[in-house]
Amino acid sequence: MTWWEILLRLVLAVVLGCAIGIEREYKNRPAGMRTHVLVCVGAAMIAIVECCIV
């Protein structure tokens, strides 16, 4: 996996996490944008590490 693929996955995780979080904040539900961005980036990083190990 090249560095630009890793960067693309992380940027995509941030964008999708923002979209989910903004939608939840708009509906006044708990766990807003920051929480979802952190969860999505964490999941993407774990997936990247597991892909590189195998």
Side-chain angles (χ1 to χ4, degrees):
M1 182 178 296
T2 62
W3 66 270
W4 63 269
E5 289 175 325
I6 294 171
L7 184 64
L8 178 65
R9 287 179 186 220
L10 290 175
V11 168
L12 189 59
V14 169
V15 170
L16 293 177
C18 280
I20 294 168
I22 289 171
E23 186 268 335
R24 289 187 60 87
E25 284 182 356
Y26 178 72
K27 293 184 177 181
N28 291 325
R29 294 193 174 155
M33 184 179 70
R34 286 183 299 174
T35 303
H36 279 84
V37 168
L38 287 173
V39 169
C40 288
V41 168
M45 289 175 68
I46 289 172
I48 290 167
V49 168
E50 293 220 355
C51 179
C52 293
I53 289 175
V54 173

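As the structure is a computational prediction, the values presented were derived from the model and not from experiment.
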Can [Y] be reached from [X] by stepping across I, L, V, M, F, W or Y side chains whose heavy atoms are under 4.5 Å apart?
| X | Y | answer |
| --- | --- | --- |
| M45 | M1 | yes |
| V41 | I20 | no |
| V11 | W3 | yes |
| V39 | I48 | no |
| L38 | V14 | no |

Any donor-acceptor pair under 3.5 Å linking the side chain of R24 with the backbone of P30?
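Looks like yes, one N/O pair under 3.5 Å.
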Looking at C40 and A13, what are the two nearest heavy atoms and their distance?
CB-O, 3.4 Å
Answer yes when K27 and E23 have at least one side-chain N-carboxylate O distance shorter than 4.0 Å, and no when they do not.
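Looking at K27 and E23, the cut-off is met.
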Once rounded to the nearest 0.5 Å, what's the spacing between atom CD of E5 and atom SG of C51?
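If we round to the nearest 0.5 Å, E5:CD and C51:SG are 8.5 Å apart.
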